[in-house]
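Notes for the one structure printed next.
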Amino acid sequence: MGAGSGPAWLDSWLSAHRSDVVAWRRTLHAHPELGRAEHRTTALVARELMAVGLEPRTLPGGTGLVCDVGYGDRCVALRADLDALPLQEDTNLPYASTVPDVMHACGHDAHTAMLLGAGLALASAPALPGRVRLIFQPAEEVQPGGAIDMVADGALEGVQRIFALHCDPRLEVGKLGTRVGPITSACDIVEVKLTSPGGHTARPHLTADLVEAIGVLISQLPLLLTRQVDPRSGTVLVWGAVQAGEAANAIPQHGVLRGTLRTADRHTWGELEERVKAIVESVLAPFGVGYELIYTRGVPPVVNDETSSRMLADSAASILGPDASAGTEQSSGGEDFAWYLEQVPGAMARLGVWAGEGAPMKDIHQPTFDLDERALPFGVRILTNAALTALTD
């Protein structure tokens, strides 16, 4: 995929090591690790980097690392995420997860393998027009994201621009989806724990009806939010979990409601927590139930810089021709790459990993997710080309 499109040292490296990139991805896939527990993954990456004379630095927490390739004042960064998800894999692949209830269901194994390939390819270059910082980040799937740890540890010091790729199972292999402006959304977690004295369902008037309160809150909080925020902001609250009671004739004493609140607008994101607090209080007041609202701020939207997006699109076109570069829509999904873009300009693009017409689309965050590995060398080339373009721009 995209063989022989230069520069010569990259062609040579990929010719010799294309199978290594696939092998790294499969090894990582078979041994997934959850956020901030990516010790084996971090060690694998560090070992490969040190084998070619590079000097990676592991974060104080023991997972995640940064490593510079090249020399000079100009510096651009490339980022990959290391962590897996708490899912039981159901793919029957020969390299399926060997860890119960943990799986690379979001493509982070591919992200890591591609960045490692790009870093080693760059290290093979006779000379570079500056430094490329490799950022292997832990805990992307843990709110509010391991990117905050990387930034706090100085991963962006001296960096002028940053790039990342994310696997897209709806986009065909050989395509790169780019977008100027927001490409993901902000995502927060809303949890409401309710309490009641409990009682018999024959006498609801003598207690606080906790189940009825939950039912009203389920429908009214999303509805009332739509009347308090700009409808163009793409704000949506969706409940994912509700638990209360067991017996049909007993009003329970405890219940919990959990969901995600997403918005495509950075300004709206800043207002949502206070609005949710006010609505929850007013909706639950007539029921007399006790409650605790736990509002977990997540990540802001990923907002792509125009110049950086163009560099990624041009990289794809230079590798496989103009048809390789495609537009993409803003997603309601969250991605902590946004924290880097709060500090420096950059862009994230969507890398096609779908095998194409006739093949099933296996969505991310599902036990059946898999990807077409022909996308891996293409991703290595995109990351490498984008870094070189940014250093010489």
Side-chain angles (χ1 to χ4, degrees), residues 35 81 83 85-87 105-106 139-148 166 179 181-195 210-244 254-287 289-304 328-342 348 363-366:
D81 32 19
D83 57 328
L85 284 161
L87 286 174
C106 200
E140 190 276 329
E141 300 288 356
V142 181
Q143 296 275 45
I148 292 178
H166 197 294
R179 177 183 174 87
I183 192 171
T184 67
S185 299
C187 179
D188 297 342
I189 297 175
V190 178
E191 179 176 3
V192 187
K193 296 180 178 179
L194 296 96
T195 57
L210 184 144
V211 173
E212 188 71 17
I214 287 181
V216 172
L217 189 61
I218 285 174
S219 62
Q220 289 301 301
L221 180 53
L223 174 63
L224 293 173
L225 272 175
T226 67
R227 297 302 183 267
Q228 293 194 17
V229 299
D230 190 329
R232 295 169 297 181
S233 67
T235 302
V236 59
L237 171 60
V238 178
W239 301 113
V242 57
Q243 291 103 27
H254 303 281
V256 64
L257 186 59
R258 300 185 185 93
T260 58
L261 178 54
R262 304 172 189 271
T263 182
D265 182 70
R266 181 68 172 79
H267 176 74
T268 301
W269 182 59
E271 300 178 339
L272 286 177
E273 183 174 1
E274 292 306 314
R275 293 189 183 277
V276 167
K277 287 179 179 178
I279 294 172
V280 169
E281 181 179 6
S282 64
V283 168
L284 293 181
F287 293 94
V289 295
Y291 75 90
E292 178 188 8
L293 170 63
I294 303 170
Y295 192 102
T296 304
R297 291 264 288 177
V299 295
V302 171
V303 182
N304 286 338
T328 189
E329 297 179 348
Q330 182 176 5
S331 164
S332 291
E335 164 60 68
D336 79 346
F337 186 70
W339 293 120
Y340 300 108
L341 301 188
E342 297 268 302
M348 169 174 279
D363 205 3
I364 58 175
H365 286 229
Q366 297 298 312

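This one's a predicted model, so the numbers in the text were calculated from it and none came from an experiment.
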*Would you sort out whether H254 and Q243 count as a side chain to side chain contact (heavy atoms under 4.5 Å, CB included), showing the intermediate values?*
CA-CA 9 Å; H254 303 281; Q243 291 103 27; over 6 Å; no

*Can you tell if the side chain of V190 reaches within under 4.5 Å of the side chain of W239, non-hydrogen atoms only?*
yes

*For the pair D336 (side chain) and V299 (backbone), establish whether a donor and an acceptor sit closer than 3.5 Å, ignoring hydrogens and angles.*
no

_Non-hydrogen side-chain atoms of P144 and R297 separated by less than 4.5 Å_ = no

*Can you name the nearest heavy-atom pair linking R179 to N304, along with the distance?*
O-ND2, 2.9 Å

*Given F287 and V216, is the side chain to side chain contact (heavy atoms under 4.5 Å, CB included) satisfied, shown in steps?*
CA-CA 10 Å; F287 293 94; V216 172; 3.6 Å; yes

*Taking C-beta and beyond as the side chain, do V280 and L217 meet within less than 4.5 Å on heavy atoms?*
yes

*Please lay out, stage by stage, how D81 and F337 fare under the test side chain to side chain contact (heavy atoms under 4.5 Å, CB included).*
CA-CA 9 Å; D81 32 19; F337 186 70; over 6 Å; no

*Any sub-3.5 Å donor-acceptor pair from R262's side-chain atoms to S332's backbone N or O?*
yes

_Side-chain heavy-atom pair T296, E191 within 4.5 angstrom cut-off_ = no

_Shortest non-hydrogen contact from I214 toward G255_ = CD1-CA, 4.1 Å

*Mind listing the closest non-hydrogen atom pair of C187 and G334 along with its distance?*
CB-CA, 4.2 Å

*Does the side chain of I183 come within less than 4.5 Å of Q330's, by heavy atoms?*
no

*H166 vs I364 side-chain heavy atoms within contact, under 4.5 Å*: yes

*Could you tell me whether K277 and E273 make a salt bridge, using a distance below 4.0 angstrom between a side-chain N and a carboxylate O?*
yes

*Closest approach of A264 and P182, non-hydrogen atoms and distance?*
O-CB, 4.3 Å

_Using side-chain heavy atoms (C-beta onward) and a distance below 4.5 Å, is T235 in contact with L261?_
yes

*State the CG-CZ distance between L225 and R275, to the nearest 0.5 angstrom.*
8.5 Å

*asked:* For the CE atom of M348 and the OG1 atom of T184, what is their distance to the nearest 0.5 Å?
replied: 7.5 Å

*Specify the closest pair of heavy atoms between T268 and S233, including all atoms of both residues, with the distance to one decimal.*
OG1-CB, 3.6 Å

*Does a side-chain heavy-atom distance below 4.5 Å link E281 with L293?*
no

*Can you name the closest pair of heavy atoms from L341 and V303 and give their distance?*
CD1-O, 3.3 Å

*Can you tell me how far the CD atom of E140 sits from the CH2 atom of W339, to the nearest 0.5 Å?*
12.5 Å

*Nearest 0.5 Å please: distance from the CD atom of E141 over to the CG atom of D83.*
5.5 Å

*How long is the span from the CZ atom in R266 to the CD atom in E342, to the nearest 0.5 Å?*
4.0 Å

*side chain to side chain contact (heavy atoms under 4.5 Å, CB included) between V283 and L224: does it pass, once the steps are laid out?*
CA-CA 10 Å; V283 168; L224 293 173; 3.9 Å; yes

_Interatomic distance, T260 atom OG1 to D188 atom CG [nearest 0.5 angstrom]_ = 9.5 Å

